[in-house]
Undergrad: 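The structure's right below; bear with me while I get my questions together.
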Amino acid sequence: MIIHHPLLGPRDASEFVYLGDASLMNRPNPKSETAADDFYSYQYLRDNPMGEHRELWYHEQGDRSWLVVTRNTLTHDITKVELARDVARAQK
Amino acid sequence: MPKLSPTLPLESFSKHWPGLTIEEHYIGELISLAIAREEESAFKTAFKKTFGKAPPEPSQLMAVKGGYAIWSSLEQYLILLEGENINADKDIAKKMGPSAYTTLQSDGWASIDIKAKTSKSTALYDVLERFIPLNLRQAPEGFTSRTSAHHIAVIVIKYSETEIQLLTPRSSAGSFLESLIHTAENVLS
Amino acid sequence: MSLIDTTKTLNFTFNGKAYQGFEGDTLASALLRNKVRIVGRSFKYHRPRGIMGAGSEEPNALVEIHGAGTCEPNRRATTIKLFEGLDARSQNHMGTLNFDALAINDFMHPFLASGFYYKTFMWPKAFWEKLYEPVIRRAAGLGTLSKAVDPDSYDKGFLHCDVLIIGAGPAGLQSALNLGLGGKHIILADDDFRMGGRLLSETYEIDAAPALTWVEQTLKTLESLPNVRLMPRTAIYGVYDHGIYGGLETTTDKIGIAKPRHILWRIYANSSILAAGATERPIAFANNDRPGVMLASAVRSYKNRFGIELENTALLTNNDDGLRTDAAHIFDTRNGDYVMDVGGRKGVRSVTLNTGENVAANHLAVSGGWNPNVHLTCHKRGRPKWDEALSCFVPDTHTLPSDMSVIGAANGKFSTHGAFMDANDICEKLGVKASELPQTEDAPVKISAFWHVKGTKRAWVDFQNDVTAKDITLAHQEGFSSVEHVKRYTTLGMATDQGKTSNVVGLAVLADAIGQSIPETGTTIFRPPYTPVPIGAFAGTHRGQHFKPTRLTPSHKYVAENSATFIEAGYWKRSQWLAREGEKGWRDSVDREVLMTRNSVGICDVTTLGKIDVQGRDAGKFLNKVYVNTFSTLKVGKCRYGLMLREDGIAMDDGTTARLSETHFVMTTTTAKAGPVFRHLEYVRQCLYPDMDVHLISTTDQWAQYSVAGPNSRKLLEKIVDPKFDISNEAFPYMACGEITICGGIRARLFRLSFSGELAYEISVPARYGDTLIREMMHQGEAFDAVLYGTEALGVMRIEKGHAAGNELNGTTTANALGLGGFVSKKKDCIGKVLSQREGLVSEEALQMVGFIPVNPKDKLTNGAHFIPKGTAPSPETDHGYMSSVAWSPMLKTYIGLGFLKNGQNRLGEVIQASHLMGNSHVDVTVVSPHFFDPKGERLRA
Amino acid sequence: MGYSAFRILKEAITGHKGWKPVWHKAEPLPEYDIVIVGGGGHGLATAHYLASKFDQKRIAVLEKGWIGGGNVGRNTTIIRSNYMLHENEAFYEFSLKLWEGLEQDVNYNAMVSQRGVLNLYHTDPQRDAYIRRGNAMLLNGADAQLLTAEGVRKMYPFLNFDDARFPIRGGLLQPRGGTVRHDAVAWGYAHAADKRGVDIIENCEVTGFDIKEGRCHGVQTTRGRIGAKKVGVAVAGNSGRVMAMAGMRLPIESHVLQAFVSEGLKPLLDGVITYGAGHFYVSQSDKGGLVFGGDIDGYNSYAQRGNLPVVEDVCEGGMSVMPMIGKARMLRMWGGIMDMSMDGSPIIDKTHIDGLYFNGGWCYGGFKATPASGYSFAHLLATDSYHETAKAYRLDRFARGYMIDEKGQGAQPNLH
């Protein structure tokens, strides 16, 4: 597969390491009363859709940036690639 | 008094073919610079003062005072300084001030130069197309990028149409060179 | 211009018999020129097989190439380029090719209908493995794979282009011409060793001259363009995501040459044009598998391209294209003529028509129409659609990959003019001016579908796997009515030709059996590779020692000079022990290394441990997030042990972190976890806490690091460290760290760290000084009999001290299990903190690390033994844990072990059984504290 | 009259007219006692055991495509019971024992061939882990032997003993492990279930559940509504999609695992070999093809096809451990959808919705589990209690902290 890195352009996906669903960026608040349940569903449950899926890739053999890639899990078409840092800062 | 002497990662390796030369290139000093959070402008002015130019864009080698500079990651740059100076990172740190964090990286990398005799000979790119997954044939001069070749990390720098430099981690440099020479033999001999 | 150079004769042997061919021949054409009719045997019935096709669609002519002490099985004679000295042999027969003992299966065929083996061989039960299966397996398979190491070399490469053109027939050449002259960077690939496609095998004219003239001129123009790359003998075998294509280049068919036999190309193309032409299909009728029954297009190919006249040929066709074949007798199904049977067991001698007439013939050319080569459009789940008028499947633009277009015969445009028209249209779409259209034939397709002559005798559909029309109707009768079920039940299309000539005919027979149209019955889709690819080609140079890279430590040369035995640690090579004269086994060396280190001083290379530079104002705060204990309070010049958890609360890695300045920490990881920890830290930094001022960079290779351990370690180092640095215990106590200079001003770092439990330092210098530093230290160490120690001795010492290592940090153990619960800071959160408090991870019954000593000091302990309470029989219910690390302790003169025991902390003193059932050894052991040696740590604080 | 050599003789003489469909194409009834969603190996096995061992009636198996079209038709056909944790080993040994009696149970020859599974090791930690695993196998009544490098060389002399980057130091052998003709498993169970009155309904995709007040009353399908007292879902890679229709999120990600077969070769490899220093395992089918595979691609996918890096990685492993394989040619590559769970072990449990049961999370080990999964799922559906060997496969184990993590890779599906 080819991932269009926002700063470096198209790169072979074999330079990247896949982590999983981008929901892993939303780490729950450890101090809330429902922390145990929140962390359980955050760590263990997944939408696992057949279709559009926002996921985390790490450019290990490139610039060591984490990317949020929007990819269709049936056709593998990639429609969007963002720097995870920018997405994280926007969410704060 | 005990005495220490430095060794090159590839012991000054050099091999020649009719159209091509592959040899170890003395790397000089490598320093990694990182921009302190929210001090981009202070960093930029310090960088200009220290190296004579604004920090480079991704994928584009930039000549600076004392050598070259490469964008290596988000808010990180790699400076290649000619000459030997074990405390190069400390000297740079003094000049750059608090907006930058420096790390000495010279010993972490080995450097290999691949040079073609003439720009007409395609030997340089015939070998590299069997080794590096990037499109170096059509890349502009000054193109630089980090990728992997034969499962080993490599920073590619296209100095000119006839000279390309490969930086690769020191511990696996011997393994990397062996693979590169094997590929060159397959293509050229 | 002839395609065969009759001035260059090439000698070759087939089954040991000498023949001659010419430069430009394939093995198949050379065999036909020499009138060889039988070349192989079919898979199930072992019926004699002759050459049927002229390209990769060939189902029958499979041979072994022998050479360089090995052999290559299942090679199609039609795609082997003849070379001097070729040694080809037929395969898949017991006895000789002409007298195959297994041909008995042909007489047993009523009992061997497809799927028979699912319905028998079930009684008596033991007979399956003892009798039935061995017989089946011995008769199975086609060619022989030599057990010798593959002597050939293979290479890989990477190509980039605007447009990849697949197939160099008229359509491919014309679009290459347009795009090449238009300045696009293109690759034109064809799996034949000559470019030209069908033009090489027909007698068409282009611009009033033989078509080959146009081919020659076009190739000359293309060769002159720098932006065009011609790749003959390169099969595009697979289409992958986002414009990545797999190509296999064949440099020669000769085995054991110095240069690579194959190059596996990964091609990145912005778009591709599939111009792969079409494959002619046979017709199913009784005994249509006799040697001499051939595709009409192949007969023309052997005549026009290779100059071979096949004597006394009859033709059976259902379309006009077939009529281009020179034949003594012509049977056209559209006139009601068709073949009922073919006489001649070892080769065609006569043909019986539906009129009952019997015609003498030596060859029968058959044309059932053409199938566009749509295979590559299916690799990304595209499905072709049925074209009733053309009576074939054509690409369906709706399911085509967006960056692929199909032109020429592959798109159902079977005339040369049609191919040129398609080529020009596509180039216009790609924004390039098309060159003017060459004048050539534009014969319309005239065909009326005729698939199968019904009858009692067997009519072959898949010639290699011996699937007959009856097999397909029987499959339907048994309920296997979906195309995929029929393929799996009958093995239709699963032979090495991948159904190129059989899939569509088989589908037609199935549709007829069900009573539906072909499109209603289904479409045949194809999986990569288009043609089989040697596994060696996919491996390239990554085999033997080059399977994975090798990482060497800075002291590698020096320890190798001292006869180190190396062990793999990930990609690193580390010295395991360093034997000396007279030492018989590794235990002698390891015991010596431990005793000399404990009693004087030993040096060990620890460079392989991951080293990560953590810098920034928020570096301390960041480390608080990833470690269970607190680092923001660590003073400059101090180190601290840290335990890192995964978010699920399980231990991930541990190591010491040193603070060199207010904003500069250096973290150490285990060798195995260096990569994953760095990736995890970047995830925490970029994705969870992007506002922190913290920066990471790996410095593992930058610094050579050595552990200098033992009571005399300080005395030795004082000879190296420049005098202005006081490394006494008072000035440089346990867990101190700092930047120093050594040997007259050389920059270095010193840490008071001890994994061995001895008074120990770790000294690190820029890697350029790594080799010379260890030599100098060992030289200075002669006064103290300093030793080099390896990972084995390090292992013994850390087990004596009760330190957890890789075996304990195995991804299922918590801080409590490792006896490190006390480290977990109560005040702050960290990754893994919340989920580490789950019931199962904190329960009394959970496993806890403890020490084990055999009750009888002479007993040996085994790592991996299970702990079974005394007096109970070993069972899953009585299994209370397992041994994780074991060593002979030269200090305690007994075997010692670390392991995990249910509720271990509260069972010290208990005697329990360590059961190694596989070695049927059951050793009584006493549960003790894991800190066997110097439990209070007085030595390391000396 | 069942299938046997005599039946083949009789039919051969009479022109094969007497063969009946292996299973009947049933039309869906409005209501069943038990509806199984998923006509793969696990679904069909569940139906067979429900009818044959638990005396259940009015059972239907709903398959969206054609039976055996999913993972049971796309795997590398290996059966074994060489797991380290008791929660798994008890279950897989039970499955291996069921395999050993399968032909006689369903009267269909799935060619269960026990010619041994050998896991190679290359480092001391790997050896120690295999000793721990071998001992756990023996504790559960399975068979296990530890071989030295010499022992491995005697079995397979063509392995790479002379020029290996990661030398072979020995192996863990399970002699009773082996291979089974995968297609025949689906057809065999379908045949036996069909004979006991189970309705097998193909081209019938479930599009929703009928759930009122926390109870499931049946399913909506592309062929109309079908009522049921109990619904058992066994859809492997589609688990996430199907259970989402019941409003559930699962601890599962769907991943593509590629598998490969070579051209047919004369016999040269008897048992199954797995390489310990790379991603490669291989066996030879009865037709002569080398059936091999390695790791999953690593990213979520329902595409049933993979990409090149894994193909090259597997072949690099193959060439490094058995350098003769270079001249064997890869004939076909395909992919299945693996339901990768958060600890690498499966889930066979009730759900918070009464009458709705779930079976999934098989990662790439589902084929060898087919009989035991069918049996224990039938046990749960019939008796509402857990089968002894499957009691640990609870959906809530992650919340309670009782993960069953063989590889110790934690909550990241693509590492299991």
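As the structure is a prediction and not an experimental result, all values here were calculated from the model. Just so we're on the same page: letters track the sequence lines, and every chain starts at 1.
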Undergrad: Apply side-chain contact (heavy atoms from CB on, under 4.5 Å) to D:A259 and list each qualifying residue two or more places apart in sequence or on a separate chain.
TA: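 Per chain and number, D:A259 pairs via side-chain contact (heavy atoms from CB on, under 4.5 Å) with D:T76, D:W334.
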Undergrad: Could you walk me through whether D:R115 and C:E133 pass the salt bridge (Lys or Arg N to Asp or Glu O under 4.0 Å) check?
TA: CA-CA 11 Å; D:R115 296 189 305 279; C:E133 192 183 28; 2.6 Å; yes
Undergrad: Specify which of D:V112, D:D405, D:L290 makes the most heavy-atom pairs with chain C at under 4.5 Å.
TA: D:V112
Undergrad: Kindly indicate, with the supporting measurements, whether the criterion side-chain hydrogen bond (donor to acceptor under 3.5 Å, both in side chains) is fulfilled by C:N92 and D:K266.
TA: CA-CA 8 Å; C:N92 189 33; D:K266 287 299 170 205; 3.0 Å; yes
Undergrad: Answer yes or no: is there a side-chain heavy-atom contact under 4.5 Å between D:L308 and C:I244?
TA: yes
Undergrad: Is D:E263 paired with C:R75 through a side-chain N to carboxylate O contact shorter than 4.0 Å?
TA: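 Not counted as a salt bridge, because no side-chain N and carboxylate O are separated by less than 4.0 Å.
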Undergrad: Report yes or no: does D:N135 contribute a side-chain atom to a donor-acceptor pair with the main-chain N or O of C:M918 at less than 3.5 Å?
TA: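 Yes.
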Undergrad: How far does OG of D:S320 sit from NE2 of C:H542, to the nearest 0.5 angstrom?
TA: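 If we round to the nearest 0.5 Å, D:S320:OG and C:H542:NE2 are 9.5 Å apart.
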Undergrad: Using the rule given for side-chain contact (heavy atoms from CB on, under 4.5 Å), can you reason through C:Y117 versus D:R181, listing the C-alpha separation, both sets of side-chain angles and the distance that settles it, and then say yes or no?
TA: CA-CA 11 Å; C:Y117 34 77; D:R181 172 60 57 82; 3.9 Å; yes
Undergrad: Between D:D162 and chain C, with a heavy-atom cut-off of 4.5 Å, which part of the residue counts as in contact: side chain, backbone, both or neither?
TA: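 Looking at D:D162, nothing touches chain C.
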Undergrad: Which one wins on heavy-atom pair count under 4.5 Å against chain D: C:T531, C:D648, C:T496, C:T862?
TA: C:T496
Undergrad: Measure the shortest side-chain to side-chain distance between C:V149 and D:M324 over non-hydrogen atoms and say whether it is less than 4.5 angstrom.
TA: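 Not in contact.
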Undergrad: Is a side-chain N or O of C:E647 found less than 3.5 angstrom from the main chain of D:A411, in a donor-acceptor match?
TA: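 It does not hold such a pair.
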Undergrad: Is any side-chain heavy atom of D:P167 less than 4.5 Å from a side-chain heavy atom of C:E568?
TA: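 The answer is yes, as the side chains (C-beta and beyond) meet within the 4.5 Å cut-off.
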Undergrad: Please confirm whether the backbone N or O of D:R132 pairs with a side-chain atom of C:H916, one donor and one acceptor, at under 3.5 Å?
TA: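 No, because the side chain of C:H916 does not come within donor-acceptor range (under 3.5 Å) of the backbone of D:R132.
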Undergrad: For the residue pair C:K548 and D:F166, establish whether any side-chain heavy-atom pair is separated by less than 4.5 Å.
TA: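 Touching, per the 4.5 Å side-chain cut-off.
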Undergrad: Using the benzene-type ring in the case of Trp, are the ring centres of D:Y108 and C:Y118 under 6.0 Å apart?
TA: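 Yes.
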Undergrad: Please rank D:D128, D:L146, D:D313 by heavy-atom pairs under 4.5 Å with chain C and give me the top one.
TA: D:D128
Undergrad: So does D:I325 get a backbone contact from the side chain of C:D150, meaning a donor-acceptor N/O pair under 3.5 Å?
TA: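 No, the answer is negative, given that no donor and acceptor are paired below the 3.5 Å cut-off.
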Undergrad: For residues 134-149 of chain C, which residue pairs qualify under salt bridge (charged side-chain N to carboxylate O under 4.0 Å, His left out), counting only residues two or more places apart or in two chains?
TA: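 Sorted result for residues 134-149 of chain C: C:R137-D:D286.
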Undergrad: Could you check if a side-chain atom of C:E129 sits within less than 4.5 angstrom of a side-chain atom of D:S113, using non-hydrogen atoms only?
TA: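 Contact flag for C:E129/D:S113 side chains = yes.
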Undergrad: Please walk me through it: do C:K119 and D:W19 pass side-chain contact (heavy atoms from CB on, under 4.5 Å)?
TA: CA-CA 11 Å; C:K119 304 169 193 160; D:W19 294 118; 3.5 Å; yes
Undergrad: Out of C:A537, C:S146, C:G246, which one racks up the most heavy-atom pairs below 4.5 Å with chain D?
TA: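 The answer is C:S146.
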Undergrad: I need the residue from C:M652, C:H485, C:E72, C:H476 with the largest number of non-hydrogen atom pairs under 4.5 Å to chain D.
TA: C:H485
Undergrad: Would you name the heavy atoms of D:N307 and C:Y240 that are closest together and state the gap between them?
TA: OD1-CB, 3.4 Å
Undergrad: Do D:R329 and C:P534 make a side-chain contact, defined as non-hydrogen atoms from C-beta onward lying under 4.5 Å apart?
TA: yes
Undergrad: Would you check, one step at a time, whether the test ring pair (Phe, Tyr, Trp, His ring centres under 6.0 Å) holds for C:F480 with D:W66?
TA: CA-CA 10 Å; C:F480 298 101; D:W66 36 280; over 10 Å; no
Undergrad: Heavy-atom pairs under 4.5 Å with chain C: which of D:A136, D:G69, D:G178 has the most?
TA: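 It is D:A136.
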Undergrad: For the residue pair C:P529 and D:L331, what are the closest heavy atoms and their distance?
TA: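 What the structure gives for the nearest pair is CD-O, 3.3 Å.
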Undergrad: Taking the six-membered ring for Trp, are the ring centroids of D:Y3 and C:W123 within less than 6.0 Å of each other?
TA: no
Undergrad: Out of D:A12, D:G288, D:G326, which one racks up the most heavy-atom pairs below 4.5 Å with chain C?
TA: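 With the most close heavy-atom pairs to chain C, the winner is D:G326.
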Undergrad: Does a side-chain heavy-atom distance below 4.5 Å link C:I136 with D:M111?
TA: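 SC-SC contact between C:I136 and D:M111 ruled out.
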Undergrad: What residue in C:Q477, C:M494, C:M883 has the most heavy-atom pairs under 4.5 Å with chain D?
TA: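 Most heavy-atom pairs within the cutoff with chain D belong to C:Q477.
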Undergrad: Out of curiosity, D:E11 CD to C:L474 CG, how far, rounded to the nearest 0.5 Å?
TA: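 Nearest 0.5 Å value for the CD-CG distance: 9.5 Å.
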Undergrad: Can you confirm whether D:N109 sits close enough to C:T120 that some side-chain heavy atom of one is under 4.5 Å from a side-chain heavy atom of the other?
TA: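 Not touching, per the 4.5 Å side-chain cut-off.
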Undergrad: How long is the straight-line distance from OG of C:S482 back to CG of D:N203, given to the nearest 0.5 Å?
TA: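 The OG atom of C:S482 is 8.5 Å from CG of D:N203, to the nearest 0.5 Å.
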Undergrad: Just so I understand: if I count every heavy-atom pair under 4.5 Å between each of C:Q498, C:K125, C:H379 and chain D, which residue has the most?
TA: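 Between C:Q498, C:K125, C:H379, the count favours C:K125.
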Undergrad: Ring-plane angle category for D:H86 and C:H866, please: parallel below 30°, perpendicular beyond 60°, tilted otherwise.
TA: tilted
Undergrad: Atom CZ of C:R527 and atom CD of D:Q258: how far apart are they, to the nearest 0.5 Å?
TA: 10.5 Å
Undergrad: Could you tell me the separation between the CD1 atom of D:I8 and the CZ atom of C:F116, rounded to the nearest 0.5 Å?
TA: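 Atom-to-atom, D:I8:CD1 and C:F116:CZ are 7.0 Å apart.
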Undergrad: Could you tell me whether D:R305 and C:D241 make a salt bridge, using a distance below 4.0 angstrom between a side-chain N and a carboxylate O?
TA: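 The answer is yes: the pair qualifies as a salt bridge.
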Undergrad: Going by the side-chain hydrogen bond (donor to acceptor under 3.5 Å, both in side chains) test, name the single residue among C:N74, C:T70, C:D152 that passes it with D:K327.
TA: C:D152
Undergrad: Quick one: do C:R381 and D:Q304 satisfy side-chain hydrogen bond (donor to acceptor under 3.5 Å, both in side chains)? Show the steps, please.
TA: CA-CA 9 Å; C:R381 315 294 290 165; D:Q304 290 182 317; 3.1 Å; yes
Undergrad: When only pairs under 4.5 Å are counted, which of C:P874, C:P532, C:G479 shares the most heavy-atom pairs with chain D?
TA: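 That would be C:P532.
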Undergrad: With respect to chain C, which residue among D:G101, D:G278, D:G73, D:A110 yields the maximal number of heavy-atom pairs within a distance under 4.5 Å?
TA: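 Top option by heavy-atom pairs under 4.5 Å: D:G73.
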Undergrad: Looking at every heavy atom in both C:L841 and D:G401, which two are closest together, and how far apart are they?
TA: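 The answer is CD2-O, 3.8 Å.
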Undergrad: Please classify the contact between C:L835 and chain D as side chain, backbone, both or neither, with a heavy-atom cut-off of under 4.5 Å.
TA: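 Neither part.
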Undergrad: I'd like to know if D:E312 pairs up with C:K156 as an ion pair, taking the criterion as any Lys NZ or Arg NE/NH1/NH2 lying under 4.0 Å from an Asp or Glu carboxylate oxygen.
TA: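 Salt bridge flag = yes for C:K156 with D:E312.
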Undergrad: Rounded at 0.5 Å granularity, tell me how far OG1 in D:T123 sits from CD1 in C:I567.
TA: 7.0 Å
Undergrad: Among D:S285, D:G317, D:P21, who wins on heavy-atom pairs under 4.5 Å with chain C?
TA: D:P21
Undergrad: Which heavy atom in D:M333 sits nearest to a heavy atom in C:F538, and how many Å separate them?
TA: CE-CZ, 3.7 Å
Undergrad: Do we get D:R165 above C:F547's six-membered ring, with its NZ or CZ under 6.0 Å from the centre and within 45° of the axis?
TA: no
Undergrad: Check whether any side-chain N or O of C:R543 sits under 3.5 Å from a backbone N or O of D:G318 as a donor-acceptor pair, and report yes or no.
TA: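 Such a contact is absent between C:R543 side chain and D:G318 backbone.
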